[in-house]
Structure formats: C-alpha cells, structure tokens
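Just so it is clear, the model here is predicted, and its values are computed rather than measured. Each chain gets a letter, A, B and so on, in the order the sequences are listed, and its residues count up from 1.
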Amino acid sequence: MNQQCCAAPHRFSGWRCCRVAPQSFPMAQVRVRFAPSPTGFFHIGSARTALFNWLYARHTGGVFVLRIEDTDAARNTEEFLKVIYDSLTWLGLNWDEGPKVGTCGGGDSGPYRQSERAPIYREYLEKLKAAGRTYEKDGAIWFKLLGDRQEVFDEHRKKTVVKVKNTPAVIEDLIRGRVERLEDEDFVIVRSDGNPVFHLVNVVDDIAMRITHVIRGEDHLSNTSKHVELFKALGAPVPAYAHIPLILKQNGPGKMSKRDQGALIEEYQRRGFLPEALVNFLCLLGWNPGDDREKMPIAEIIRLFDLPGVNQSNARFDEKKLAHVNMAYLLELPADEFVRRARGYFSGLGENAGAKAALAADAGFFREVMLLCQSKLKGLEELPAYTAYFFTEDYPVDAKARDKVMGKGDPAARLRELAAALATTDFSSDTAIEEAIKVLAAGKGLGFGDYQSVARLAVSGTNIGPSITGMFRVLGRERVLARLGLPKEAFGSA
RNA sequence: GCCCUCAUCGUCUAUCGGUUAGGACAGGGGAUUCUCAAUCCUCAAAGCGGGGUUCAACUCCCCGUGGGGGCACCA
C-alpha cells in the first residue's frame, strides 16, 4: 500500500478533471482537509469522508490536510487521537499536513489541533468585532447577520426569536449543483465560557489553512449557509463545496451511527479485513468509475475519481457486499503476502491458545497450511477455526458432521483400510495420495468420496475444509495415520 | 412545524431524450468436484404516483408521496 507519505504527492492529472473550479482560487493547488473530532471511535462514514478527500487530493496533485477538532477538552484526547491516526494509517490515507505521526503530517499552517489554536480564533474574532458583526447577549458572543430584523413568535420552539431579512446564501456544490439556503437568525460563535463554537473555528481554520475544497457529509449542508456568511464577513473567499451522500444503516431507518453493526473501522481491522478491500468497497458507496468495473487498484481509482462523479443519493451499507470484495482481494493476494497477513492476523489475537499454537509452529509448515486454505476463505477471521487441527491434536469434533458421516457404511473398517493403504504412500505428493485412495476405493467398488468423508472427519474433526489430499500432504503421514488409527472418543458410539 | 436534500431490481449502481433498462452483491436453479468454498452457466428481480414539455421521457419541469439530513452556548 501507499505508505510513503506526503512530501511529494503524486500528480495524476490536473485541473481539466474538475468541471467547476473553486470559486476564488482559480489556478491554486487543491487543498482539502479531513477534520474529525476525537471521540474514541472512527466511524465508517468518517472513513469515507476522509477517503474522498484523500482521493481528490491525490487525483489533483493537491494537499490532504488532517485537522483535529478537539475543542471538547473534557475528553482523554491523546488516546482518542490514536484511534484516528491508527485508522487512517491502516486504510492507507496518508496526510500531507497535520499532526506529525510517522512520515505523515507537518506543514506550515499549524498547529493542526484546534485546542492549540485559540490565539488564531481570537484574532479572527477581533476582525469580526472590528467589522461590527458581533454583539454580546447572555454572556455569549453572537454573529450578526446583515439586514432588517423583526421579532416573531416561533410556533415550534414556543418562543420569540429575531428574524433577519437576509438574502439566501448561494452554495455552488460540486456534487449537488447550486443550493440556496436562507440564514435568517443570528447565531452564537463564542460560548459564555469563552470557547468558540464549531461554526467559527471551522471557517477560521479553513481560511487560515487555505482550504480550497470542503468535502464533507451531507449532514453539513444545512450548516453551510452559516459558514458562507462567516467567510463573507471575514472577507475571505468561499471554498468550493462538495457534500457527499450519507451511509445509511443496513437495517432500519436513519444514517449509520457508532452503535450500528459494522460501523467502526477498528472492528474491521480487528477482524482481519484487508484495508485495500474496505477502501475499494467504500469508494463504491457513492462513486463508480462510470462503467461496470468494481474491483480496481487504488491507483486507477485515483486516476478516475472526481467530485462531479459522486452520487447524490444516500447509500445503504451492505456487509455482504463488503465480505465479497474482501474475499476477492484475499483470493488474489500473492502467496508471500497472504502468509504475511495471515501471520499478522494470528498475532493480533494475543493470548488466544489456538493462535499461539499456530504462531509457534514451524514457519514452513505454517506457510503450507495457510496457502492450502487461502482459496477457501471469505476472510482472515475464519482462519483460526479453519486451520486449528493443523496446529494441535486437541481439535474439536463437529457433532453434526460426525453423525452424518458415521451413520453410513462401516466407517471403522474404511479407516482401517485407508490407514493400511496409506502406510506406504508417498506423502510429498497430492497425486500419489489421491491415487492411493482411488485405487483402494475402486478395489472395494466404492467412490473416492466414500473414503474422503470419513477420513476428513477422522483427521480434521469436521466435514468442511481444504482438499483432503493437500490436507494429508501438509499434515504428513505420521500424523494422518495416527489420526486414522486412533480415532477420538467421538468415534465410539455416537 | 420550518429549511435543505434525494428518488432505477431486496442492496450498491450504469443510462447524461430514442436501449430487449446493463453490471455487481444477496436469493433460486444447474454444471464441476474429495467435503466446503471458489469458479462457470442460468433464473427471478427495477424506472414511486400524477401532471406537463417533446415526434419521443427512467432521463427535462412542476406537484404530490416517500426516504435522508438539519433546525444547540454538539461537532
């Protein structure tokens, strides 16, 4: 993956890809930002927002800025920050400017944590004050809109509010087109405790960091009129906007939230999903290359990605599709890489006994086992259960499989015959093993399958698994014969 | 309630006025096979409703309806 950061972003193509130039930075380099707040979770929707920002930066040869919106001081931000850094890094979304982490970060528009930018907010607040665009009320500082005002009773909120006869803000959205929204009430920009609110710091930072394109979730579309008013009041150019559709939970109404199944990036990481598969899947949620292609290398996605190509409608999350994409990536992983990732997954399992046994095994043996099973898996998380019997003699026996297999024919006799037939077979060769079983079966007027099923149960304790000849070869003659000859208690009377 | 926004198979989507409305996931069936997967073939599955505009509308416009978001001294 693309882990070498930031310093020299690739230049895939230029401005011709962007149908609508940002309103006030005609030929400037694209600067986008991802601005999460450290809550301790990294949401899949946030991941996609980060991804689309990153893609746009890489596509245009622009700069991807990471800014931490940690104005909520009450939290243990150091630990929560790590969640953000880890998730972005895992997904391969390297940032050019932002907090320094590994090879990512740096830049001259810092600091990149809002908790460290108080003087900057004060400075911009002074500008607003000087321009006569603020006033105090109830101990807070309010932003004053331009226009005649009148008091009206708001039926819904059951209180009198001051409405301003303002003209609608115009948002030229690269995804939605022209959107007009009227902001007709003053709003708080500094709380009575002295802390600036989101709308202010967000706009100030976008100005100070010279952000050209604001790519964010559609849930921010309604906020944008406030932001446009602030940009104008500060005499700053309004950035281009691109509001991307939201990800809806797969069951039930509403957008996906932290508590929904499959919402957290760390969970995919923990479960051994391939980050490149998740990224590819996320790209497809709201964007497509314009043809039937789905599984695509990230470089190709970068080449084709553009904001006007993003869908306008919300997308429902589909874990089945994700699983399929993940499997497709898993299947195509080169042998060495697959083994490396499999080992990584086992390592992540910590004190798990099965995982420890697998990691303690001979590296060559581990590799053989993994490669034997690669094409059978949907995801790395299936690995421990799928391969347990290779690494221990104390593997479980599946009751259902046992009842099914032991119910027909004379299983004990077949195991004996098989053991005898394999006693002199060359176990270094799949075909030799296959031949031996075939010859035995033919001699008894039976099929390969009649021996295969009972042998599989005896040797692996289950009726699913990799090819039995491969399984035998990897396990080796001694262990196979032992398991055929000394069936576990399970093979007594079931 | 007000404001913004969206609308093609169950799901993700293609189509940028003229197509037998295509693909993918999921589902059904079949082939293959040493189990289970994978793979291949195959079946079923969609233009929310009503008005316009046009020779022609899934595509453009309007109105409904439905979904989503927002309406804080949260971000």
Practice task
Take atom P in B/A46 and the same atom in B/C9, then report the distance between them in whole Å.
Solution key: 9 Å

Problem - Counterpart residues, side-chain hydrogen bond (donor to acceptor under 3.5 Å, both in side chains), relative to A/Asn53 (two or more places apart) - result: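 Checked A/Asn53 against side-chain hydrogen bond (donor to acceptor under 3.5 Å, both in side chains); zero matches.
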
Exercise for the section: Can you sort out the partners of A/Lys144 under side-chain hydrogen bond (donor to acceptor under 3.5 Å, both in side chains), two or more places apart, ordered by chain and number? Expected result: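 Not a single residue meets the side-chain hydrogen bond (donor to acceptor under 3.5 Å, both in side chains) criterion with A/Lys144.
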
Handout entry: Pair partner, B/G1 [Watson-Crick or wobble, under 3.5 Å]
Key =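 For B/G1, the partner nucleotide comes out as B/C71, under the 3.5 Å rule.
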
Problem - Under 4.0 Å protein heavy-atom contacts per nucleotide of nucleotides 63-70 of chain B, with B for base, S for backbone only and - for none - result: -----BBS

Look for any protein N or O under 3.5 Å of an N or O in nucleotides 40-47 of chain B and output each such pair with its distance, or none.
none

Problem - Selection: residues 287-296 of chain A, any non-hydrogen atom under 4.0 Å of RNA chain B - result: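 Heavy-atom contacts with RNA chain B come from A/Asn288, A/Asp292, A/Glu294.
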
Problem - Any residue of residues 428-449 of chain A with a heavy atom less than 4.0 Å from an atom of RNA chain B - result: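 The answer is A/Phe448.
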
Donor-acceptor pairs under 3.5 Å, side chain of residues 438-449 of chain A to any protein atom, not counting sequence neighbours: which ones?
| unit_1 | atom_1 | unit_2 | atom_2 | d |
| --- | --- | --- | --- | --- |
| A/Lys438 | NZ | A/Glu434 | OE2 | 3.1 |

For residues 286-297 of chain A, which side-chain N or O atoms pair as donor and acceptor with protein atoms under 3.5 Å away, sequence neighbours left out?
| unit_1 | atom_1 | unit_2 | atom_2 | d |
| --- | --- | --- | --- | --- |
| A/Asn288 | OD1 | A/Gly290 | N | 2.7 |
| A/Asp291 | OD1 | A/Arg293 | N | 2.9 |
| A/Asp291 | OD1 | A/Arg293 | NE | 3.2 |
| A/Asp291 | OD2 | A/Arg293 | NE | 3.2 |
| A/Asp291 | OD2 | A/Arg293 | NH2 | 3.0 |
| A/Arg293 | NH1 | A/Glu300 | OE2 | 3.0 |
| A/Glu294 | OE1 | A/Lys321 | NZ | 3.1 |
| A/Glu294 | OE2 | A/Lys321 | NZ | 3.2 |
| A/Lys295 | NZ | A/Glu332 | OE1 | 2.7 |

Handout entry: Pairing residues for A/Ala233 by the side-chain contact (heavy atoms from CB on, under 4.5 Å) criterion, not counting sequence neighbours
Key =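 A/Ala233: side-chain contact (heavy atoms from CB on, under 4.5 Å) contacts with A/Leu128, A/Arg133, A/Phe143.
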
Exercise for the section: List in chain and number order the residues that pass ring-ring contact (aromatic ring centres under 6.0 Å, His included) with A/Tyr451, two or more places apart in sequence or in another chain; answer none if no residue qualifies. Expected result: none

Handout entry: All ring-ring contact (aromatic ring centres under 6.0 Å, His included) counterparts of A/Phe317, not counting sequence neighbours
Key = A/Phe281

Exercise for the section: Could you tell me whether the phosphate oxygens of B/A75, OP1 or OP2, come under 4.0 Å of any side-chain nitrogen or oxygen in A/Thr71? Expected result: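 For B/A75, OP1 or OP2 has a side-chain N or O of A/Thr71 closer than 4.0 Å.
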
Handout entry: side-chain N/O A/Asn202 vs B/A75 OP1/OP2, d < 4.0 Å
Key = no

Fill in the blank from the handout: Hits for salt bridge (charged side-chain N to carboxylate O under 4.0 Å, His left out) against A/Glu185, two or more places apart or cross-chain, chain-then-number order -> A/Arg157, A/Lys163

